[in-house]
Amino acid sequence: MPRVEGAPRRLQRRRRIGTARIAPCDRARWPALLMQAFVDTIRAAIAAATGLPDAEIRLESPKNPEQGDLAFPCFALAKAQKAAPPAIAAALAPKLAAALSGIACTATGPYLNFQIERGALARTILGEIEARGAAFGSSTEGAGRTIVIDYGSPNIAKPMHVGHLRSTILGMALVRLHQALGYRTVGINHIGDWGAQFGALVVALRRWRGEVDLERDPVMGLLALYQRSKAAIDEKSASYDAAFAKEARDAYRELESGTDGDVRKQWRWVTQVSLAAFAKTFARLGVAHDLVRGESYFESHLQPTIARVEAAGVAEVSQGALVVMLGEIDKGLKETPCLLRQSDGTTLYATRDLAAVFDRWKEFEFERCLYVVGGEQKLHFRQLKAVLKRMGLAWEPRVEHVDFGLLLGPGRVKIASRKGAVLVLDELLDEVVDAARERVKEKSAGLANLEAVAEQVGIGALVFNDLKRERIKDVIFEKDEVTSFEGETGPYVMYTHARSCSILRKAAAAGEGGAEPDWRAIASASPVLLQLGRFPTVVRTAAAKAEPSELAQYLLGLCREYNSWLAERGNKVLGEAPAVTSARLALVRGVKIAIANGLRLLGLAAPEEM
RNA sequence: GCGCCCGUAGCUCAGCUGGAUAGAGCAGUGGAUUUCUAAUCCACCGGUCGCAGGUUCGAGUCCUGCCGGGCGCGCCA
């Protein structure tokens with residue numbers, strides 16, 4: 001039962017570390033990074049004028065958009081030139097202005113502000129989006145390389161609950177982000193289908209099968225048996241049953257022995273009905289794993305795995321157990337070695353994950369192997385990596401724990417409780433979709449595909465609510481917030497998309513938009529254009545940092561800028577002079593494409609009407 | 001006790017590799033609909049960026065200490 005157990009036990013936060021660094025932009029490979037192209041041009045000019053090494057030239061955005069599109073602070077030059085930053089800026093501005101064509105350069109205090117010529121900005125960015133369409137934002141950077149992503153990973157015999165939501169949603173987004181960058185992705189559902197608890201469950205099935213309904217909703221029936229069996233083997237529980245516990249241990253031993261008898265038959269059935277239920281839930285979230293490979297798969301790999309670690313000379317026996325001491329690798333792990341084999345000879349979680357990661361490396365030679373697992377398991381993955389490092393495996397840095405915070409209820413109360421009341425994921429999805437259906441009915445009465453849109457909007461609201469936050473932060477699940485659909489929400493982004501589609505439909509119906517665009521008509525939309533230009537870079541960094549929230553935040557910002565522009569009285573799109581309408585339609589189309597692509601990468605639908 | 005993490009507006013959060021007056025959403029107040037979906041937009045209200053030092057031309061951002069909160073810590077997963 002690997003990734004999520006009933007109650008999230010731990011919570012960790014971490015700053016971005018590890019391999020999540022972003023390589024310098026390779027222009028040969030990234031011809032279409034849009035804003036990056038302008039940035040590189042300006043940087044080259046600054047380098048030529050100042051002699052600064054390329055790495056030290058950092059451009060930023062001016063505080064006030066009217067000051068320019070890009071800015072360069074001159075403080076760093078002050079020491080070398082022995083002059084005040086404003087004087088340096090003033091001296092540099094004319095030189096750069098002369099060197100750059102189509103980009104104005106002015107000094108404002110200690111800053112150099114650059115403004116790209118409006119027409120060029122619009123033409124470049126909107127032209128690129130138009131040309132690439134659904135592929136806008138994607139690239140071939142990752143061609144020929146593989147990313148393995150372990151996510152979702154529920155445990156059999158129990159329904160998926162809210163605790164699985166974050167891993168599933170984050171994992172799905174990471175799969176899509178990497179795909180967009182040209183990587184081959186392998187999404188793995190590492191189901192928890194092994195362990196002593198299944199011995200107990202089989203015994204529970206033997207004894208109490210008739211007492212629960214296993215026909216209508218097998219997984220809920222299994223949950224009841226699972227909980228009851230857990231109490232029966234818990235010495236501290238009032239329902240402790242010594243005979244049951246012994247039988248459970250025997251059953252697990254039989255399961256582990258590989259004997260294809262009754263125990264294994266029952267276990268197989270449990271696995272089968274559980275997977276069928278998971279598949280439905282995953283489908284609603286738009287998730288499809290490439291590989292379902294549970295812990296049981298690695299049973300035969302356990303002894304070879306231990307042998308391999310022993311052969312590497314890093315294993316030792318301590319207090320009867322086989323461990324790998326890790327203090328030399330990581331001082332923080334001095335007190336917590338990695339246990340590979342218990343004193344009774346059985347293996348542990350770490351052994352299985354070690355077997356799994358060896359297997360994955362052998363099969364995929366991954367660029368990265370991401371474990372989208374809650375922060376409460378941080379120690380486990382830290383140990384796992386430390387073992388790999390101690391074994392001298394060069395690919396150890398490619399293994400990353402993509403950790404995330406807890407999902408909490410109102411008042412920071414834990415939602416998923418070990419005792420009883422699990423919030424079943426399907427029920428939650430139904431609730432959100434119900435709320436969405438009400439809203440869609442009320443706002444768009446005659447919508448033909450009401451049900452489909454309600455599903456898209458409701459689930460989109462839930463997913464976006466999760467993805468918009470930095471993953472390390474806890475998510476406070478407030479139902480009112482998830483079903484409000486206003487403000488910084490998934491439906492807000494979807495709505496912006498749907499409105500744009502509506503404008504484009506009307507334009508097509510009226511035959512507008514064919515004229516040569518007059519880019520001056522969108523001169524006031526440069527914040528929108530600049531934001532559009534950032535899209536490919538955002539996709540790239542969101543993937544590199546395994547942080548989908550960067551894309552979600554980007555989309556919110558894009559929609560905010562765009563809606564604000566669109567609401568201005570002077571910016572009417574349809575029915576204006578043909579050249580004006582053409583230019584504005586190009587902007588609408590560009591935004592529409594960026595939103596659609598962004599939503600898709602986050603795993604959300606982009607309905608054309610809602 | 002040890003390890004790791006978090007602490008920005010009443011609430012929920014952004015803030016890119018330290019840089020120009022700290023930004024949104026929600027809640028509250030007041031506006032915008034002969035105008036392309038008002039699931040929108042505009043304005044106002046609201047902040048000692050936990051506290052104290054330090055580094056720096058410059059710190060919400062880096063370092064140290066403290067306070068508050070969370071998670072984890074050998075035979076569970």
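Throughout, protein chains are lettered first and strands after them, A, B, ... in sequence-line order, and every chain is numbered starting at 1. These numbers were taken from a predicted model, which means no experiment stands behind them.
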(request) Quick one: the dot-bracket string of RNA chain B, using Watson-Crick and G-U wobble pairs with both distances under 3.5 Å, [ ] for crossing pairs and | for bases paired to another strand. (result) (((((((..((((.....[...)))).(((((.......))))).....(((((..]....))))))))))))....
Anything under 3.5 Å between a donor and an acceptor, one on a side chain of residues 565-572 of chain A, the other on a protein residue two or more places apart or in another chain? List them.
| unit_1 | atom_1 | unit_2 | atom_2 | d |
| --- | --- | --- | --- | --- |
| A/W565 | NE1 | A/S524 | OG | 3.0 |
| A/N571 | ND2 | A/W565 | O | 2.8 |
| A/K572 | NZ | A/L574 | O | 2.8 |

(message) Quick check for you: among B/A24, B/C57, B/U21, whose closest atom lies nearest to any side-chain atom of A/K63?
(response) B/U21
(message) Side chain of A/S564 only, heavy atoms from C-beta on: which candidate in B/C41, B/A14, B/C4 is closest?
(response) B/C41
(message) Between A/D480 and A/T483, is there a side-chain donor-acceptor contact under 3.5 Å, judged purely by atom types and distance?
(response) no
(message) Quiz question: by atom type and distance under 3.5 Å, do the side chains of A/E547 and A/S549 form a donor-acceptor pair?
(response) yes
(message) Heavy atoms only, 4.0 Å cut-off, all strands: where does A/V588 land among base, sugar-phosphate and nothing?
(response) nothing
(request) Indicate syn or anti for B/G74, taking the glycosidic torsion and treating anything within 90° of 0 as syn. (result) syn
(request) Could you check which of B/U35, B/A14, B/C41 has an atom nearest any side-chain atom of A/K473? (result) B/A14
(message) Suppose we call two aromatic rings close when their centres sit under 6.0 Å apart. Are A/F114 and A/F72 close by that rule?
(response) no
(request) With the side chain of A/K378 defined as its heavy atoms from C-beta on, choose the nearest nucleotide among B/A20, B/G74, B/C4. (result) B/C4
(request) Using whole Å, report how far CD of A/E488 lies from P of B/A14. (result) 10 Å
(message) Side chain of A/R469 only, heavy atoms from C-beta on: which candidate in B/C13, B/G25, B/C36 is closest?
(response) B/C13
(message) Could you check whether A/F485 and A/Y492 have their ring centres less than 6.0 Å apart?
(response) no
